[in-house]
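Only one structure is covered here, and it is reproduced in the block below.
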Amino acid sequence: MDIPLSTIAVVGLGTMGTGIAEVLARSGREVIGIDTDEAAARRAVASLEASTARAVERGRITEEERRDALARFRTFSDLQAAADAELVIEVVPESYEIKQQVFRELDAVVSPATILATGTNALSVTRLAAESQRPERVLGLHFFNPAPAMKLVEVVSSVLTAPPAVEAVTELARLLGKEPVAIGDRPGFVADGLLFGYLNQAAAMYEANYATREDIDAAMKLGCGLPMGPLALLDLIGIDTARTVLEAMYSTSHDRLHAPAPILGQLASAGLTGRKAGRGFYTYAEPGSQTVVPDALTPAPRGAEAAGRTVRSVGVAGSGTMASGIAEVFAKAGYDVVLAARGQEKADLAKARIAKSLGRSVTKGRLSEQARDETLARITAAASLDAFAEVDLAVEAVAEDLLVKQELFATLDKVCRPGAVLATTTSSLPVVAIARATARPEDVVGMHFFNPAPAMKLVEVVRTVLTADDVHATVHEVCHAVRKHPVDCGDRAGFIVNALLFPYLNNAIKMVEEHYASLDDIDAAMKLGGGYPMGPFELLDVVGLDVSLAIEKVLHNEFRDPGLAPAPLLEHLVAAGCLGRKTGRGFREYARR
């Protein structure tokens, strides 16, 4: 049986080109690797030898299959070697001049039927195709790094591309075990178009000294379930590469969110381009190493700051899922907890929700029956905030409404003993405005848990200009006691996670509005190409479109950036009552329970 596109040339044997060559060779294709740098060609052969040897050790392929794959990979230093290729994939540096020169030389070498694919993720496929003598045979074939592991392949058509060429490479991608997504030609395409805007925002956040690099990265890993933090990912991608992609995106969109953060240009100009240089946002053991080593910016071990206040008992205000989750966290850690709601019935229902949650943990073998009973015994359900009179820490988890929270804190000010720490779990409101509702704003701090609180490890600790040093230290000590990871951030809308997450979600909605890609393709692209646990539209429907819109509005009002204006489609869906899973319909429809 004939193998479709059986002879394929890969031009450029850097990390990506070598990875693509490995995928092709292991699938049975004859692979012609071309690089003018003979050292790069030798490294590519060595890399393929090492990776296939590991595959044999792990039982994924046999020794015979390994030998066959290695025999199918041949390297050359001249483009003439591509003469017999049915498909050529170029992955040379992101430069129009370099790529156009490659295409011009290939035009004179390959047959008229050969498909020419560019691996660009930043440059215009249409512009590259227009310079070719066969624009109908030119398209984009964007693999993700590392190519052997990542499932997504973006198949990019220009207005000049012939459908049979698209069909041929799409079928090839499927035969390679990849998930092809068909998209149009614009810088960044789907996955990088969304990813690099988020990375740029993170770089700008760090540049503004809003949070440390460690806290930004920890927040996005723990708060969103991402495999890497944004600054570590920029170091992996290459800061110079990221800046090139963003420049291309900005030249098309003119969206300030895509204008490269100045720090990217500064680091790139200094040669601090990330892992490959041994230094970027972080410092590495050596160029190419993934081992981070301490440097002048590495935080000192905790303990030098002010000592915190003693906390033995905790009051939790609220009766919803977040309030009961936080109460469960504290009780399991050994704190005496007062769970107060508006009325005894609501408080009892909240405690019953905790009992149910603990029961599930017992069923799954994560908790003993004795530990469950002891945890519940430490929780007192109360009908009013008066029960907070002797608590050392009061945490509110009521509606995300400034007036509601201010009224609650005015009550806590009267009820709680002097020296008690007062914490708000707000995710979007100014903490200082809540603190000013009391006569002791120095005792007020933000303590933003993530839902579900028992499972999520992250707590954003939000210090206002009035928060006392020992209050800040207290919250850190308590977070560690309940086995949460605290990250510090200033008192501004969105803090770390929401300020980076929701512009990304908003941009995904704009892609759908512009008919650039479908919901399913965008979700697939971000899960398969970005390593996200959920696609943006899956996540929006889970969070709730009304909640998402409210956060988008807060961010837009705070930063006054036109690029942060909520997408009209989001506003229309909320106005129509399509709020996501909780209403049975959001971006998708759900079966009603």
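- The closest donor-acceptor contact from the side chain of Asp541 to the backbone of Phe587 lies under 3.5 Å.
- A donor-acceptor pair is defined here as one N or O able to donate and one able to accept, closer than 3.5 Å; no such pair exists between the side chain of Asn121 and the backbone of Asp192.
- With a 6.0 Å radius and a threshold of 12 heavy atoms from other residues, nucleotides or ligands, Lys582 has its NZ atom above the threshold.
- When the shell of 6.0 Å around CD of Glu207 is examined, it contains more than 12 heavy atoms from other residues, nucleotides or ligands.
- If you run side chain to side chain donor-acceptor pair (under 3.5 Å) between Arg309 and each of Asp392, Thr474, Asp470, only Asp470 comes through.
- For Asp348 against Ala381, the heavy-atom pair with the smallest separation is OD1-CB, 3.5 Å.
- Here the closest non-hydrogen pair linking Pro260 and Leu246 is CG-CB, 3.7 Å.
- Asp235 and Tyr284 share a donor-acceptor pair across their side chains, judged by distance under 3.5 Å alone.
- Between Cys416 and Leu422, the shortest heavy-atom contact is SG-CD2, 3.9 Å.
- Closest approach of Arg440 and Gly419 over heavy atoms only: NH1-N, 4.1 Å.
- Put simply, CE on Met249 and CZ on Arg186 are 7.5 Å apart, with the number rounded to the nearest 0.5 Å.
- For Tyr516 and Phe189, the ring centers are positioned 6.0 Å apart or more.
- Note on Arg378 versus Asp373: no salt bridge recorded, every NZ/NE/NH1/NH2 to OD/OE distance being 4.0 Å or above.
- Between the CZ atom of Arg342 and the CG atom of Leu408 there is a distance of 10.0 Å, given to the nearest 0.5 Å.
- You'll find the side chain of His480 stays beyond 4.5 Å of the side chain of Lys484, heavy atoms only.
- Separating the CG atom in Leu539 from the CG atom in Asp523 is a distance of 9.0 Å, to the nearest 0.5 Å.
- The heavy-atom pair separating Leu570 from Ser548 by the smallest distance is CD2-C, 4.4 Å.
- For the pair Arg588 and Phe537, the cation-pi criterion (under 6.0 Å, within 45° of the ring axis) is not fulfilled.
- Counted within 6.0 Å of CD on Glu374, heavy atoms from surrounding residues, nucleotides or ligands total more than 12; the atom is thus considered enclosed.
- Side-chain atoms of Lys221 never come within 3.5 Å of backbone atoms of Ile216 as a donor-acceptor pair (strictly under, hydrogens ignored).
- Interatomic distance, His448 NE2 to Met322 CE, rounded to the nearest 0.5 Å: 6.0 Å.
- Using a 4.0 Å cut-off between charged side-chain N and carboxylate O, Lys332 and Glu328 make a salt bridge.
- Between the side chain of Glu460 and the main chain of Val497, a donor-acceptor pair closer than 3.5 Å is present.
- With respect to the salt-bridge test (charged N to carboxylate O, under 4.0 angstrom), the residues Glu558 and Arg492 do not qualify.
- Taking each heavy atom of Pro566 and Glu552 in turn, the nearest pair found is CG-CB, 3.8 Å.
- Put simply, the side chain of Arg436 never gets that close to the backbone of Ala433: no donor and acceptor are under 3.5 Å apart.
- With Thr283 as reference, Val293 is the one residue of Val293, Val292, Thr298 to meet the side-chain contact (heavy atoms from CB on, under 4.5 Å) rule.
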Let me see the working for Thr426 and Glu400 under side chain to side chain donor-acceptor pair (under 3.5 Å), right down to the final yes or no.
CA-CA 6 Å; Thr426 182; Glu400 191 72 348; 2.7 Å; yes
